[in-house]
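Notes follow the structure.
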Amino acid sequence: MEYDIKNPDLAEQGLSRIEWARQEMPVLDKIEETFAKDRPLEGIRLGACMHVTTETANLMRVLKAGGAEITVSASNPLSTQDDVAASLVVHQEIPVYAITGEDDETYYRHLNAVLDTEPHMIMDDGADLASTLHKERPNQLEAMVGGTEETTTGVIRLKAMAADGALKFPVVAANDAQTKHLFDNRYGTGQSTMDGVIRATNYLIAGKNIVVGGYGWCSRGIAMRAAGLGGNVIVTEVDPLRALEAVMDGFRVMPMADAVGIGDMFISATGDIAVVDTHHFEKMKSGALVANSGHFDVEINIPGLRGLCDADPQRPRPFVDQYTTRDGRKINILGEGRLINLAAAEGHPASVMDMSFAGQALGARYLVENQDILGDEVYVIPAEVDQEIAGLKLDAMGIRIDTLTAQQAEYLSSWQHGT
Ligand code: ADE
């Protein structure tokens, strides 16, 4: 078996951390039981481009139990947990191509190693596999049953492809399940982003002005958790509805150009480019910390900041690059502007990935079962699947809920009742 990882000797450590995460992933365990029995992915070669974490390793075990033949590459150069990569290779016998800190050339070599296996299905986090397949390997599209996509940024890219008529297989947007974005994007990103910022800096959040770029589900979570730690949160937005919601949630809202002069810490999670741009750096306070929690490392214009400095940055601690501007200010970029929650911390906690990855596993099954009727479009996971995941999670948490009485069900389906 071929693979490219840092060190297979790390496998035992990886396994014990994977098992630790598994304790918080009861929904995946339940799905594994049915997958082992029904084998819905039998005969499917599955290429996955995902963050190689303990949670992902648990998903891979479930997909393998369902019959899939899997190859994995990293979806971000900094997010790979090398011990997990080792355990996937040694214990699960899954070829993995992922090494923390890999350069861009290695990243794409790894991604192409996955595509060399000629997958029938891809599981993407950011749509790099889908985009490379369509741009560089159109001859492989014919064999594709479909793909799933984990993140908002990837879904936006895939919807743009579908709108252009360029998408050539069906995609299930795992991200768009309610049991994904309402929980993972908000509670997962919220907690793990603050975890990453704190691990990188050991800074106190209380009393600081924390500027959060955007007010989508990820940014909402970040704002909520930063406020919970005592930060004075300022939100920047381009969408009037979201801006209004941020105001009513109790946050100050203003343009980034106004926030830069007062912010102590900036965390962007918009999915868009140059949210913190060169002209913002010109006005930023000395000592400011700047981090990104969006999928790609484009939200902070780091080359623009470098252009304001004479020298390369210093690295006072891992994950902190300190730039000194010509006018003597020190600006700190965390995690090289890559996803701070996965670069400096361990990504979303297992309990929340349990639901996101349940959506991935059931999304993969949905693609196989419906391959004859699905078109080349981006599909949301059916509402029943969402309900099933939420129900399994509640069961696992030991939480019971009410059911509609016959009278209530009749009332909801009738139009005759009124005042
Ligand atoms: N994305 C965010 N957090 C993650 C995690 N823990 N594992 C895999 N993908 C993630």
Side-chain angles (χ1 to χ4, degrees), residues 14 17-25 27-28 46-63 70 72-85 87-88 92 94 96 98 100 107 122-129 148-155 173-177 179-197 199 216-222 225 267 269 271 291-297 299 335 338-361 363-364:
R17 292 198 321 108
I18 293 164
E19 287 299 317
W20 175 258
R22 184 177 180 175
Q23 302 173 106
E24 288 275 281
M25 305 187 88
V27 177
L28 272 191
L46 191 150
C49 177
M50 307 191 77
H51 301 297
V52 181
T53 65
T54 53
E55 293 75 26
T56 300
N58 280 295
L59 170 63
M60 294 305 140
R61 195 192 61 251
V62 175
L63 298 170
I70 307 167
V72 179
S73 72
S75 60
N76 185 293
L78 288 189
S79 63
T80 299
Q81 298 172 5
D82 291 310
D83 56 346
V84 171
S87 172
L88 279 167
Q92 295 197 40
I94 292 177
V96 177
T100 341
Y107 177 85
I122 56 171
M123 198 165 270
D124 248 329
D125 189 333
D128 277 347
L129 275 182
T148 65
E149 172 52 55
E150 171 71 10
T151 200
T152 317
T153 297
V155 172
N175 179 73
D176 291 0
T179 43
K180 201 279 186 180
H181 65 266
L182 294 181
F183 299 88
D184 162 318
N185 296 23
R186 185 167 32 166
Y187 303 112
T189 310
Q191 177 169 319
S192 62
T193 297
M194 297 320 293
D195 185 15
V197 167
R199 286 198 210 191
W217 289 108
C218 292
S219 300
R220 281 177 193 153
I222 297 168
R225 293 302 176 236
I267 308 173
N292 166 48
S293 221
H295 185 80
F296 287 119
D297 60 343
E299 305 213 9
R338 297 193 189 273
L339 281 164
I340 193 62
N341 61 335
L342 280 141
E346 293 169 64
H348 303 169
S351 175
V352 91
M353 294 312 293
D354 189 28
M355 289 194 283
S356 313
F357 284 168
Q360 285 282 13

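Counting starts at 1 for both ligands and their atoms, following the listed order. This chain uses plain numbering: 1 for the first residue, then up along the sequence.
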- [ ] State whether a side-chain donor-acceptor pair under 3.5 Å links D184 with H348.
- [x] yes
Task: Residue from E346, H51, R17 passing side-chain hydrogen bond (donor to acceptor under 3.5 Å, both in side chains) with Q81 - done: R17
TODO: Look up atom CD1 in I267 and atom CG in N292, then write down how far apart they are to the nearest 0.5 Å.
DONE: 10.0 Å
Report all N/O contacts between ligand 1 and the protein shorter than 3.5 Å as a table of atom names and distances to 0.1 Å; if there are none, say 'none'.
unit_1: ligand 1; atom_1: 3 (N); unit_2: H348; atom_2: N; d: 2.8
unit_1: ligand 1; atom_1: 6 (N); unit_2: E55; atom_2: OE1; d: 2.9
unit_1: ligand 1; atom_1: 6 (N); unit_2: H348; atom_2: N; d: 3.4
unit_1: ligand 1; atom_1: 6 (N); unit_2: H348; atom_2: O; d: 3.0
unit_1: ligand 1; atom_1: 7 (N); unit_2: T53; atom_2: OG1; d: 2.7

TODO: Would you check if the side chain of H295 reaches a backbone N or O of D125 as a donor-acceptor pair within less than 3.5 Å?
DONE: yes
Open item on the list: Does either side chain, that of T193 or that of N341, offer a donor lying less than 3.5 Å from an acceptor on the other one?
Closed with: no
Open item on the list: Donor-acceptor check, side chain of S79 to backbone of S75, threshold 3.5 angstrom: yes or no?
Closed with: no
